[in-house]
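Contents: one structure, followed by commentary.
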Amino acid sequence: MSARVLVIGSGGREHTLAWKLAQSHHVKQVLVAPGNAGTACSGKISNAAVSIADHAVLAQFCRDERIEFVVVGPEAPLAAGIVEDLTSAGVRCFGPTAQAAQLESSKKFAKEFMDRHGIPTAQWGAFTKAEDACSFIMSANFPALVVKASGLAAGKGVIVAKNQEEACKAVQEIMQEKSFGAAGETVVVEECLDGEEVSCLCFTDGKTVAPMPPAQDHKRLLDGDQGPNTGGMGAYCPAPQVPKELLLTIKSTILQRAVDGMQEEGVPYTGILYAGIMLTKDGPKVLEFNCRFGDPECQVILPLLKSDLYELIQSTLDGQLSTSLPVWLENHTAVTVVMASKGYPGAYAKGVEITGFPEAQALGLQVFHAGTALKDGTVVTSGGRVLTVTAVQEDLVSALEEAKRGLAAMQFEGAVYRKDIGFRAVAFLQRPR
């Protein structure tokens, strides 16, 4: 037990990565930069006060602290080239290069790439002028009602319109009112696909693809998928809508094609590849690619991983994934529910005291911190999505019940959370066969 590893990021995803890495008998310490109250001082896990924007300073820190490898949680540092900068400074880093991460950082690049490699996706067009985008919306021979900022918009840069007028209004908001800033200089307009949306992630070393159990995220703020879009209000895994045969189809027609395509184009892709997929009547189609773990999907996928995450990352970095494929917990379901600040995804208060951690722990639940901070020894809110409460049980309904007991134990003023996470899976399982 001698390895020290560094996780980059400050959300629930990063707390989960640190928690899982700390379970490895190889790992002595997990540092998280900048981290949150949950990663501040818990067993092997602690926060590191080092700049993650200055890659030269970060590389020196990693050498000084004898960091074995760095795991990058969010997309922005990947798009900023953290992987190649650290690698060239002799520090191992888990994640794709900036060039490979264009699958997420440029929606236009991703759509062109999918077309080149025969990866099923919605019909689309990309535009740098609002009037061109609007005339495409009005004249397309398919419902061109999904408007996306092409750049990174923290998971929120997508508007699904009800009609053509609303879609044109979305173009104006993104391109002229700059509702997503520079991310919206180019917009992608897509066909609106019908079906259920699922998240299919995999580990890849640039050749081998090792799928994770499929998950389903809940983007809307309120029960019944109402209210504004958020970064995600909860998730469950595995999604019963994706049986084993369908996952194999997704692996071969989407995930493996993407990894092979990047390899062919001279941009090997390593790390985590995430495909947001719509299960249409014509088969699975890609809505978007992400180049890292989803949040909150990470909080339901990693608790089901039986393998040692440290060993898995090492074998991926060594290009040896085929010799040590991940093993997953069978016949169990994980559910996570996000507790958010009142007002999220708009303006919200910070510094509200949070209580109930010992009670939730006594129930055997994992509480992953996201927007939390320490203030005079007390845990307080510091973000929109504050925590996620995760339960693992033998079936979905029991996991939901357990998570609800955890939510009742955890308290802060104005907490907002959904009570129906997993409702689509419940409906799917109740359908007459």
Between Thr208 and Leu325, does a side chain to side chain contact (heavy atoms under 4.5 Å, CB included) hold up when you go through it step by step? CA-CA 9 Å; Thr208 302; Leu325 295 170; 4.0 Å; yes
Can you run down the side chain to side chain donor-acceptor pair (under 3.5 Å) pairs that involve residues 352-370, sequence neighbours left out, and say none if there aren't any?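 Passing the test, one end in residues 352-370: His369-Thr372.
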Assess whether atom [atom1] of [X] is packed by more than 12 heavy atoms of other residues, nucleotides or ligands within 6.0 Å.
X	atom1	result
Lys44	NZ	yes
Glu65	CD	yes
Asp54	CG	yes

Check: [Y] and [X] side chains under 4.5 Å, non-hydrogen atoms:
X	Y	value
Arg385	Pro296	yes
Val30	Leu17	no
Tyr344	Met233	yes

Can you list everything that forms a ring-ring contact (aromatic ring centres under 6.0 Å, His included) with [X]? Sequence neighbours excluded, please.
X	value
Phe109	none
Tyr236	His218
Phe69	Tyr310

Strictly distance-based, threshold 3.5 Å: is any side-chain N or O of [X] a donor or acceptor partner for the main-chain N or O of [Y]?
X	Y	value
Arg292	Gly73	no
Asp217	Gly232	no
Thr121	Val286	yes
Glu288	Leu103	no
Ser199	Gly276	no
Ser341	Gly383	yes
His332	Glu330	yes
Ser42	Ile45	no
Thr39	Asn36	yes
Glu14	Gly11	yes

Side chain to side chain contact (heavy atoms under 4.5 Å, CB included) between Ile313 and Leu21: does it pass, once the steps are laid out? CA-CA 10 Å; Ile313 289 175; Leu21 284 162; 4.2 Å; yes
As an exercise, state the distance from [atom1] of [X] to [atom2] of [Y], rounded to the nearest 0.5 Å.
X	Y	atom1	atom2	result
Thr230	Lys219	OG1	NZ	6.5 Å
Ile272	Phe203	CD1	CZ	4.5 Å
Leu248	Gln256	CG	CD	12.0 Å
Leu58	Asp85	CG	CG	9.5 Å
Cys200	Met212	SG	CE	11.0 Å
Glu84	Thr87	CD	OG1	7.5 Å

Can you list every pair that meets salt bridge (Lys or Arg N to Asp or Glu O under 4.0 Å) and has a residue in residues 415-425, with sequence neighbours left out?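 Of all non-adjacent pairs touching residues 415-425, those that pass salt bridge (Lys or Arg N to Asp or Glu O under 4.0 Å) are Asp225-Arg418, Asp225-Arg424, Arg418-Asp420.
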Sort and list the pairs that fulfil salt bridge (Lys or Arg N to Asp or Glu O under 4.0 Å) and have at least one residue in residues 335-352, not counting sequence neighbours.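 Found none.
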Just to verify, what does [X] make a salt bridge (charged side-chain N to carboxylate O under 4.0 Å, His left out) with, not counting sequence neighbours?
X	result
Lys108	Glu112
Lys111	Glu190
Asp318	Arg92
Asp223	none

Checking Arg63 now: which residues fulfil side chain to side chain donor-acceptor pair (under 3.5 Å) with it, not counting sequence neighbours?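 Once residues adjacent in sequence are excluded, the partners of Arg63 under the side chain to side chain donor-acceptor pair (under 3.5 Å) criterion are Gln60.
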Between Tyr417 and Val389, is the side chain to side chain contact (heavy atoms under 4.5 Å, CB included) condition met? List the steps. CA-CA 10 Å; Tyr417 58 88; Val389 178; over 6 Å; no
CA sep, side-chain torsions, deciding dist, call: Gln216, Val242, side chain to side chain contact (heavy atoms under 4.5 Å, CB included): CA-CA 10 Å; Gln216 188 173 57; Val242 185; over 6 Å; no
Tell me every residue that passes side chain to side chain contact (heavy atoms under 4.5 Å, CB included) with Glu402, counting only those two or more places apart in sequence or in another chain.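 Once residues adjacent in sequence are excluded, the partners of Glu402 under the side chain to side chain contact (heavy atoms under 4.5 Å, CB included) criterion are Leu365, Ala391, Gln393, Arg405.
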Is there a side-chain hydrogen bond (donor to acceptor under 3.5 Å, both in side chains) between Ser46 and Gln29 once you walk through the steps? CA-CA 8 Å; Ser46 53; Gln29 191 181 20; 3.1 Å; yes
